[in-house]
Amino acid sequence: MKAKIALEDGRIFEGSSFGATGERFGEVVFNTSMAGYQEILTDPSYKGQIVTMTYPLIGNYGVNSEDVESRKPFVEGFVVKECSRIVSNWRSQKSLDDYLQENNIMGIEGIDTRALTRHIRLQGAMRAVLSTEDLDDKSLVKKAKSSQGLVGRDLVKEVACGQTYGWSNQKPDPPLVGVPGNQVPDTRNQKTDVTAVPACAGVSLRETDRFEVIVVDCGVKYNILRSLVNLGCHVVVVPAKTTAEQILKMKPDGLLLSNGPGDPAGVPYVVETVKQLIYQSSTANYKLPIMGICLGHQMLGLALGGKTYKLKFGHHGANHPVKDLKTGKVAITVQNHGFCVRMGEKTEKKYYMVGNEDIEITHINLNDGTCEGMRHRTLPVFSVQFHPEASPGPHDAQYLFGEFVDLMRIKM
Amino acid sequence: MPKRTDIKKILIIGSGPIVIGQACEFDYSGTQACKVLKSEGFKVILLNSNPATIMTDPAIADRTYIEPITPEVVEEIVKEEKPDAILPTLGGQTALNVTVAVAERGIDVEVIGASIQSIKKAEDRGLFKKAMKRIGLDLPESDKAYNLKEAFEVVERIGFPVIIRPSFTLGGIGGGVANNREEFKEVAERGLEASMINEILIEESIVGWKEFELEVMRDLKDNVVIICSIENFDPMGIHTGDSITVAPAQTLTDKEYQKMRDAAISCIREIGVETGGSNIQFAVNPDDGRMVIIEMNPRVSRSSALASKATGFPIAKIAAKLAIGYTLDEIPNDITKKTPACFEPTIDYCVVKIPRFTFEKFPEADSSLTTSMKSVGEAMAIGRTFKEALQKGLRSLEVGVSGLEDLSCEVSNESLEENLRIPNAERVFYIKYALKEGMSLNEIYELTKIDKWFLHNIKQIVELESQLSALRIQDSVDLLRRAKEYGFSDKQLGRLLGMDESRIYKFRKEKGIVPTFKSVDTCGAEFEAFTPYYYSTYEAEDESRM
């Protein structure tokens, strides 16, 4: 069926639809990963966005039930050059077309995705509409213009869990080979509670001697949970609205602020929670180790007095070089964000976050020099803008979960 | 880390004559290296026995020795020139072998790029196997033998079919597959003779598995990046040089690809290639995903040349810079200028390489394809789809076809099956023939073990052909556009629509079906490209700048 994607600045692309039909709105962004479309589709951070894949041949290996990053796909729309009509992989269970149809996600193919990508690079990420119902260019552009953007919007509430839940490593990745810090005990057979329990209903976490990590779910990717469990952590995922008081009552060994969609300014309640936790940490003996990832990193930045801003077209891909300023080593990282924490000019050979000189910048993007990671000078608090959990993408930054565990170990 | 200042004079060893199994790719890489080192202020001494190369042009090196590439000659040159270092990783297997031999003669010159120890570890099958086991990588079951008696003992244990690989050769010369005792005796004898040290490896056959390659680079700070992944159209059992290959990998999920990437990184670290590029080959069982490592070349290779052209990342040039101490984050990406070379290229097109054979010049030669390389060249094509790149590539072979055309003769069922089962230079055309005859994808897969994704793409070409040939040209505008997107030439279309090539050209131009040019920019259009090169395709937007 004929379909069109119209951008708010008047640019139109025509193709044919696959997956669901209808009309969808979102900010159109591009992702440069050559594989991993299933993980991308199910990454809750893409809520509110229409994703264009720069690699033209998508769907080749089908879809399976293991490579999911959340309970369902969250992209608003999916734009490709060619969606494969045949799937070829020993784990494949269905075609991408069927999968999107089942999940009511619209796809469009036959698009000059390179032209669309260049347009976004030059003009910036922008609002768009994808439609099989309305093919009138003028009307579509008008619709795109009047659709909601991402700035200031709370998309977290649309993707995050409503209930606390535990996690067992039920969908393990194949074990990673030769990744430092990853020769870990196999916890796959250990029984952990997977059934959802009501939010913070007095869940006692002190039942084993493993580290107890609370994950604040703003749209967490499953592989963050898998990575923590692989390192021997016991993981409890709590809703984004959980308060500082509720979290402290659970006496966790560490807290992880998850990734999630959209603008950190759209979730002031989580920022407030983080602010209180850090205040508690700096005044009490109980210094809670905190790790932030992506949106978690941005929320931490705001909670610590920093500023965030929107990038022209964001970072979405699996090949971003990030330098660890401590070791000088470069990791090829996975990224998916449209907003960024502002960092200051270099002072005394170091970079600090704008707004708080206690926050040292630890990682920098080698492509554009933006802030990729930071840590608190005195508290066990650090965060990264990229995705150490990978999935899809390289495992180079997995070591950061090890550093988080080390912080919890030191604290004890 | 900045450039090393403790070395001033570097001896580069070239690859010698062009033979089957080793074409001009090392002339390209060696020339790049000479240029880089000279521009960095090093004095470059070159040894290459082949005067018919760019590399041996007087302007390329400071001093060029056109002498046989033997340990004795290298020793003489070292005495005469007193270089501070030898760079052997850009001259193919020949350069590596001679460097090992030189070191064994006790000549003490620093080897940069890869150490003697790492060359041995990668090339010696036993050492390689031990090293890979140590880092937890899976390999096909295997053992080595130094004479025929030992060889038979090993094969008793492993069982047929097996692959025989001689150690220390180039282009896999002397190797082969054996399905029974008679074949085994023949191949084993030949292999023992071909090996420089009379050693062969007898290996569990993974013929029919999917074959992949990764091009990996590492610097002195231990940063490792993957430049390109390559998936072979032809399954295991055919030398990569004789296979149709495709970049990037098409049928791996991210989970599988990352597992391969992790394995490649631990492999280059374990082998100890400190700087430069390596090529690492893997096989994947299509039925259960079991991944085994096949081999690693601790140097730039034929595939590096392909990967460089396919991605826009100049592997040989960067490898030379890494050898003299630079790290990846210090080297700018030539194409984007603003971003560093320390990244992994992403491509937004499909690349297909097709080998070129000249069996007509060797009438006595067995024209079936095996683990010994028989092709004499190759064509590489870029398209937005596999179908487009495949047809462009076939056209570029200059074997008289202008795309995926029909075989010129009728084929009996028996002969068809045989030509699908036994790999040969025309197999892709037999696949088309089989599809037109109504053979199912499954049947073709069982005979060829070529992944169904590739077969299906060929089927789409066949289907489009039959749709087109049923139409009059006036009614075919949409299909004609699609045909151009599928890589059909006007000549092919003329034949299908029963008219002259020039009329097709005129007609489609009138209808606005004209090529567009897209750039190869290493980054999938994420950054502005300053020195890109272009490929033609049929898309909405043209990027070429006049």
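Note on naming: letters A, B, ... go to the chains in the order of the sequence lines (proteins, then strands), and numbering restarts at 1 for each one.
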Quiz item: Can you find a side-chain donor-acceptor pair between B:Asp451 and A:Ser88 that sits under 3.5 Å?
Solution: yes
Exercise. Heavy atoms only, distances under 4.5 angstrom: which of B:Ile347, B:Asn285, B:Thr516 has the most pairs with chain A? Name it, please.
Key: B:Ile347
Quiz item: What part of B:Cys267 lies closer than 4.5 angstrom to a heavy atom of chain A: side chain, backbone, both or neither?
Solution: neither
Quiz item: Does a side-chain N-to-carboxylate-O contact under 4.0 Å join B:Glu541 and A:Arg118?
Solution: yes
Quiz item: Has the side chain of A:Arg121 got a donor or acceptor atom that lies under 3.5 Å from a matching backbone atom of B:Phe527?
Solution: yes
Practice problem: Would you please name every residue forming a side chain to side chain contact (heavy atoms under 4.5 Å, CB included) with A:Ser70, sequence neighbours left out? | Solution: A:Thr42, A:Pro44, A:Phe74
Practice problem: Answer with side chain, backbone, both or neither: which region of A:Thr113 has an atom nearer than 4.5 Å to a non-hydrogen atom of chain B? | Solution: both
Practice problem: State which residues pass ring pair (Phe, Tyr, Trp, His ring centres under 6.0 Å) with B:Trp209; sequence neighbours excluded, sorted by chain then number. | Solution: none
Quiz item: Are any side-chain N or O atoms of B:Thr251 and backbone N or O atoms of A:Tyr61, one a donor and one an acceptor, separated by less than 3.5 Å?
Solution: no
Quiz item: Would you call B:Asp521-A:Arg114 a salt bridge at under 4.0 Å N-O?
Solution: yes
Quiz prompt | Polar contact flag, side-chain donor to acceptor under 3.5 angstrom, A:Asn89-B:Glu256 | solution = yes
Quiz item: Does any N or O in the side chain of B:Asp254 come within less than 3.5 Å of the main-chain N or O of A:Gly36, such that one atom is a donor and the other an acceptor?
Solution: no
Quiz prompt | Interface residue of largest heavy-atom contact number with chain A, from B:Glu485, B:Lys452, B:Glu528, under 4.5 Å | solution = B:Glu528
Quiz item: With a 4.0 Å cut-off, would you call B:Arg384 and A:Glu82 a salt bridge?
Solution: no
Quiz item: Does a salt bridge link A:Asp396 with B:Arg261, judged by any charged N lying under 4.0 Å from a carboxylate O?
Solution: yes
Quiz item: At a heavy-atom separation under 4.5 Å, does B:Asn457 approach chain A through its side chain, its backbone, both, or neither?
Solution: side chain
Self-check item: Which portion of B:Tyr257 sits near chain A, non-hydrogen atoms under 4.5 angstrom
Solution: neither
Quiz item: Between B:Trp453 and A:Asn60, does any side-chain donor sit less than 3.5 Å from a side-chain acceptor?
Solution: yes
Quiz prompt | Region of B:Leu328 that comes under 4.5 Å of a non-hydrogen atom in chain A | solution = neither
Quiz item: Short question: side chain of B:Asn223, backbone of A:Val330 - any donor-acceptor pair under 3.5 Å?
Solution: yes
Exercise. Count the heavy-atom pairs under 4.5 Å between each of A:Pro394, A:Ala318, A:Gly328, A:Ala35 and chain B, then report the option with the highest count.
Key: A:Pro394
Exercise. Check whether the side chains of A:Ser391 and B:Lys255 place a donor and an acceptor atom closer than 3.5 Å, and report yes or no.
Key: yes
Quiz item: With a cut-off of 6.0 Å (strictly less than), are more than 12 heavy atoms of other residues, nucleotides or ligands near CZ of B:Arg482?
Solution: no
Practice problem: May I ask you to say whether B:Asp348 pairs ionically with A:Lys81, meaning some side-chain N is under 4.0 Å from a carboxylate O? | Solution: no
